[in-house]
Trainee: 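Below: one structure in structure tokens.
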Amino acid sequence: MTFKKKTQINIILNQNNERDRVEVEASPSAKERQLEKHLPLKKMEQEMSSLVGMEELKGFIKEIYAWLYVNKCRAEQGLKVEKQVLHMMFKGNPGTGKTTVARMLGNLFHEMNVLSKGHLIEVERADLVGEYIGHTAQKTRELLKKAMGGILFIDEAYSLARGGEKDFGKEAIDTLVKAMEDQQHDFILILAGYSGEMDRFLKLNPGLPSRFPIMVSFPDYSVDELMEISRKMVAERQYIMAKDSEWKLRQHLQRVCAAGEKSFSNGRYIRNIIEKAVRKQSVRLLREERTDKKSLMSLNADDLHLEEKHGI
């Protein structure tokens, strides 16, 4: 979508059988200028609209945009603007959209000229922690260098503090903290993981909480939201779930969500179910020797092989 398109009016003047074409450009309306001014926010909201749920998070995105925009306006008016520290902590279970939102934020910050590149570098403990003294700091600095101008996203960040005082994970934390101070406006660090684990992680290092002014919670999806995710995934693959298969999946999700197991992976869990159902449907169609369009698109209850445990 672009708001730069200008309306053109062609006026034809006839005089002595000569035709002179005069092109007059109509200036963009005030509404068009307003939309163009906030195009980064509109693009972000359009992307977020494709995500299921996350209503509080969508409000948070608008808050961040408004903060950046108003500070930009203050600077243009010669008013004092403090440097913004945008390091964040994402707390929630797997499959709740943390990586997806981090990538979207990178694009938004790039368009707002907060980040020069806006790319996302996603890492975990094994990418940061080395095998001997000094190796961890070297690996961490190399990843920080790659993340400059963008976002460094560390999943299961609490694992860096699991080994105690002698563990090399502490060296990674120290290197990250130093970079957050020395290069705090050159990149954004996002630490992500389970809520309880992340809270305990913050308590291990008294200096960490103050360095992450933005805390974002990613709640688990409800059964209705998980069903909506499943319909989206099925439609994107050009399949259709029969009524009996939808009922079977809903009953299964109600039991799984009620169990409240920590290992439940939300959207990722649904994706695994759908992908397995597609494979089972392929075997069924091969056996039945049916290749008409309706059969190729239909996922029935027999295609859903659901286990009460979360292994798919």
Side-chain angles (χ1 to χ4, degrees), residues 1 38-69 84 86-112 114-115 118-122 150-158 188-199 212-237 246 249-250 253-254 256-258 260-275 310:
M1 183 180 293
H38 299 298
L39 186 56
L41 176 62
K42 294 297 178 185
K43 289 173 68 176
M44 187 72 175
E45 287 179 334
Q46 189 174 16
E47 285 188 77
M48 291 290 291
S49 67
S50 66
L51 303 179
V52 174
M54 298 190 180
E55 295 310 315
E56 289 186 17
L57 188 61
K58 292 170 184 176
F60 158 75
I61 296 295
K62 193 164 188 176
E63 180 182 303
I64 290 293
Y65 172 82
W67 179 31
L68 295 171
Y69 176 75
Q84 299 146 354
L86 294 170
H87 301 306
M88 306 179 190
M89 187 164 287
F90 286 2
K91 299 191 290 185
N93 289 335
T96 48
K98 297 188 292 295
T99 306
T100 299
V101 171
R103 190 172 289 108
M104 288 181 176
L105 284 172
N107 293 333
L108 174 65
F109 291 144
H110 176 55
E111 294 205 23
M112 293 294 293
V114 175
L115 294 173
H119 63 298
L120 181 75
I121 302 293
E122 185 179 0
I151 293 176
L152 180 61
F153 182 90
I154 305 178
D155 200 13
E156 298 185 356
Y158 48 79
I188 292 173
L189 178 63
I190 299 180
L191 303 185
Y194 293 110
S195 297
E197 298 275 13
M198 294 304 290
D199 290 338
F212 292 91
I214 301 172
M215 301 277 184
V216 185
S217 294
F218 287 74
D220 286 340
Y221 291 109
S222 67
V223 171
D224 285 341
E225 288 172 338
L226 290 170
M227 287 301 298
E228 186 177 347
I229 290 171
S230 70
R231 293 187 193 101
K232 282 178 174 287
M233 289 184 177
V234 167
E236 285 169 1
R237 291 164 172 77
E246 280 204 14
L249 179 58
R250 177 178 287 276
L253 291 174
Q254 286 174 344
V256 170
C257 290
E261 291 188 24
K262 183 179 177 181
S263 59
F264 182 57
S265 58
N266 287 272
R268 200 176 304 158
Y269 182 73
I270 296 297
R271 186 185 66 227
N272 290 341
I273 285 178
I274 299 304
E275 289 178 352
H310 293 160

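Just so you know, these numbers come straight off a predicted model, no measurement behind them. Residue numbers run from 1 in the order of the sequence given.
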Trainee: Would you give the length of the straight line joining atom OG1 of T96 to atom CG of L57, rounded to the nearest 0.5 angstrom?
Mentor: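 Output value for this atom pair is 10.0 Å.
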Trainee: Return yes when atom CD of E56 has more than 12 non-hydrogen atoms of other residues, nucleotides or ligands closer than 6.0 Å, and no otherwise.
Mentor: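 Incorrect, the count does not exceed 12.
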Trainee: Where do G92 and S195 come nearest, in terms of heavy atoms and distance?
Mentor: N-OG, 3.7 Å
Trainee: Apply side chain to side chain contact (heavy atoms under 4.5 Å, CB included) to V216 and V101, showing your working.
Mentor: CA-CA 11 Å; V216 185; V101 171; over 6 Å; no
Trainee: Hey, does S230 have a side-chain heavy atom less than 4.5 Å from the side chain of L249?
Mentor: yes
Trainee: Given side chain to side chain contact (heavy atoms under 4.5 Å, CB included), test L51 with M104 step by step and report yes or no.
Mentor: CA-CA 12 Å; L51 303 179; M104 288 181 176; 3.8 Å; yes
Trainee: Taking all heavy atoms of M198 and all of A157, pick out the closest pair and write down the distance.
Mentor: CE-CB, 4.1 Å
Trainee: Compare every heavy atom of L226 with every heavy atom of G267, then report the nearest pair and how far apart it is.
Mentor: N-CD2, 4.4 Å
Trainee: Could you pull out the closest heavy-atom pair between L105 and M44, with the gap in Å?
Mentor: N-CE, 3.8 Å
Trainee: Just wondering, do N93 and Y194 contact through their side chains at under 4.5 Å, heavy atoms?
Mentor: yes
Trainee: I want to check something: taking the side chain as every heavy atom from C-beta on, are F60 and I64 in contact at a cut-off of under 4.5 Å?
Mentor: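 Contact flag for F60/I64 side chains = yes.
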Trainee: Grab the two heavy atoms, one from M112 and one from L68, that are nearest each other, plus how far apart they are.
Mentor: CE-CB, 3.8 Å
Trainee: State, with a plain yes or no, whether a side-chain heavy atom of F212 is found less than 4.5 Å away from one of L189.
Mentor: yes
Trainee: Rounded to the nearest 0.5 Å, how far does OG1 of T100 lie from CE of M48?
Mentor: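 If I round to the nearest 0.5 Å, the distance is 10.0 Å.
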Trainee: Looking at CD of Q46 and CG of L41, how far apart are the two atoms once the value is rounded to the nearest 0.5 Å?
Mentor: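 It comes to 11.5 Å.
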Trainee: Could K98 and D155 be called an ion pair, given the rule that one side-chain N must be under 4.0 Å from one carboxylate O?
Mentor: no
Trainee: About how many Å separate CD1 of I214 and CZ of F90, when rounded to the nearest 0.5 Å?
Mentor: 8.5 Å
Trainee: What distance do H110 atom NE2 and L115 atom CG have between them, rounded to the nearest 0.5 Å?
Mentor: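 With rounding to 0.5 Å, NE2 (H110) is 9.0 Å from CG (L115).
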Trainee: From I121 CD1 over to I154 CD1, what is the distance, rounded to the nearest 0.5 angstrom?
Mentor: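 Interatomic distance, I121 CD1 to I154 CD1, rounded to 0.5 Å: 11.5 Å.
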Trainee: Please tell me if the side chains of I190 and L120 come closer than 4.5 Å, counting only heavy atoms from C-beta onward.
Mentor: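 Of all side-chain heavy-atom pairs linking L120 with I190, none is under 4.5 Å.
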Trainee: Only pairs at least two apart or in different chains count here, so list each salt bridge (Lys or Arg N to Asp or Glu O under 4.0 Å) that has a residue in residues 264-275.
Mentor: R237-E275
Trainee: For the residue pair Y69 and H38, does the interplanar ring angle fall in the parallel (under 30°), tilted (30 to 60°) or perpendicular (over 60°) class?
Mentor: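 It falls in the perpendicular class, over 60°.
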Trainee: Charged N to carboxylate O below 4.0 Å: is that the case for K58 and E55?
Mentor: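 Looking at K58 and E55, the cut-off is met.
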Trainee: With a 4.5 Å limit on heavy-atom distance, are the side chains of I61 and E45 in contact?
Mentor: no
Trainee: One pair to check against side chain to side chain contact (heavy atoms under 4.5 Å, CB included): E156 and E197. What are the steps and the verdict?
Mentor: CA-CA 9 Å; E156 298 185 356; E197 298 275 13; over 6 Å; no
Trainee: Mark yes or no for whether N266, through its side chain, and Y221, through its backbone, hold a donor-acceptor pair below 3.5 Å.
Mentor: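 Indeed, once roles are kept as given, a pair shorter than 3.5 Å links the two residues.
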Trainee: Using a 4.5 Å cut-off on heavy atoms from C-beta on, say whether the side chain of M88 contacts that of I151.
Mentor: no
Trainee: Where is the tightest heavy-atom contact between F153 and A192, given as atom of each residue plus distance?
Mentor: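 Shortest heavy-atom contact: CZ-CB, 3.6 Å.
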